[in-house]
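To keep things clear, I will list the structure first and then write my remarks on it.
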Amino acid sequence: MTARNTNQQWGWVAKSLHWVIFLLILGAWLAVDLREVYPKGSDERATLMWLHKSLGASVFFLVWLRLGWRLSGPVPVPYPAPSWQLYAATFAHWALYALMIAMPFSGLLMSQLGGRDTSWFGVFTIPAFLPLDKELAGQIKELHQSVLWPLLLITVAGHAGAALWHHFVQKDGTLRRMLPGSPRY
């Protein structure tokens, strides 16, 4: 399998970025959800929040790499489908990119406005350099949790549902083209 995409197949770089970003988003979600099990102020809760932020920052940086890679070469030609499905798929993909950028950016902005540094796995720290504004931080927290997160979940569920529909109903190679180690289709 080649690194670059072709008109028939996603390359290993695009596939790797796709699945790594998915796993990072899943990990960030699990970390922040599991955090609720522990009392406020506990070391476990703080560690899970640190992990959540580190994973979110990873998504933010990798999605830019993924987007650059996507725009730098060909993408597989979609299998024949009604034009509304092609438009819906295009919209969903670009919505996913926008949400994968907006979600971690809003988290970083929330930390900044709350006066908190953001550590990336202890390797480096993004210092809080914006002026403290707890009210605005609270509004961005609401956006992050109550708007962007549900939109991301709905869009990912639609994306996964469409991939499964292609695989089991249409029986075309759409899903197989993105699976790691899959042969050409």
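Of the possible donor and acceptor atoms, none in the side chain of Gln8 sits under 3.5 Å from a partner among the backbone N and O of Val77. With Trp12 contributing its side chain and Pro180 its backbone, the two residues share no donor-acceptor pair below 3.5 Å.
For Ser119, the side-chain contact (heavy atoms from CB on, under 4.5 Å) criterion is met by Trp50, Thr125, not counting sequence neighbours. Listed by chain and residue number, nothing satisfies the side-chain contact (heavy atoms from CB on, under 4.5 Å) test with Ala46 (two or more places apart in sequence, or in another chain). Legend: residues meeting side-chain contact (heavy atoms from CB on, under 4.5 Å) with Ala14, ordered by chain and number and at least two apart, are Asn5, Trp10, Trp69.
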>> Using side-chain contact (heavy atoms from CB on, under 4.5 Å), reason through His167 and Arg176 one step at a time and then give a plain yes or no.
In response: CA-CA 8 Å; His167 188 72; Arg176 288 185 300 254; 3.8 Å; yes
> Run the side-chain contact (heavy atoms from CB on, under 4.5 Å) check on Phe129 and Gln112 step by step: do they pass?
Replying inline: CA-CA 7 Å; Phe129 54 85; Gln112 287 284 313; 3.4 Å; yes
> Where do Lys15 and Gln9 land on the side-chain contact (heavy atoms from CB on, under 4.5 Å) test, with the steps shown first?
Replying inline: CA-CA 10 Å; Lys15 288 180 183 185; Gln9 182 73 20; 2.8 Å; yes
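The minimum heavy-atom distance linking Leu132 with Leu113 is given by the pair CD1-O, 3.3 Å.
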Side-chain polar contacts of residues 55-68 - donor-acceptor pairs under 3.5 angstrom, sequence neighbours left out - could you list them?
{"from": "Ser58", "atom 1": "OG", "to": "Ser54", "atom 2": "O", "distance (Å)": "2.9"}
{"from": "Ser58", "atom 1": "OG", "to": "Trp120", "atom 2": "NE1", "distance (Å)": "2.8"}

Only distances under 3.5 Å count here; give the side-chain donor-acceptor pairs of residues 140-150 to other protein atoms, sequence neighbours excluded, each with its distance to 0.1 Å.
{"from": "Glu142", "atom 1": "OE2", "to": "Ser146", "atom 2": "OG", "distance (Å)": "2.8"}
{"from": "His144", "atom 1": "ND1", "to": "Met103", "atom 2": "O", "distance (Å)": "3.1"}
{"from": "His144", "atom 1": "ND1", "to": "Ser106", "atom 2": "OG", "distance (Å)": "2.7"}

Mind listing the side-chain donor-acceptor pairs of residues 20-31 below 3.5 Å, one per line with the distance, residues two or more places apart or on another chain?
none

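Annotation: Trp94 is in aromatic contact with Tyr97 [ring centroid separation under 6.0 Å].
Put simply, the side chain of Met49 does not reach to within 4.5 Å of the side chain of Tyr38, judged on heavy atoms. Counting only heavy atoms from C-beta outward, the side chains of Pro39 and Arg45 never approach each other to under 4.5 Å. Within the 4.5 Å cutoff, no side-chain heavy atoms of Ile126 are placed close to those of Asp117. Two residues are said to be in side-chain contact when any heavy atoms from C-beta on lie closer than 4.5 Å; Trp165 and Thr174 fail this criterion. Contact of the Leu175 side chain with the His166 side chain is not registered, since no non-hydrogen atoms from C-beta on lie closer than 4.5 Å. Residues Asp33 and Leu48 fail the side-chain proximity criterion, which asks for heavy atoms closer than 4.5 Å.
Between His93 and His159, the ring planes are perpendicular. Angles over 60° get that label, and only those under 30° would be called parallel.
Of the N and O atoms on the side chains of Arg4 and Ser72, at least one donor lies less than 3.5 Å from an acceptor on the other residue.
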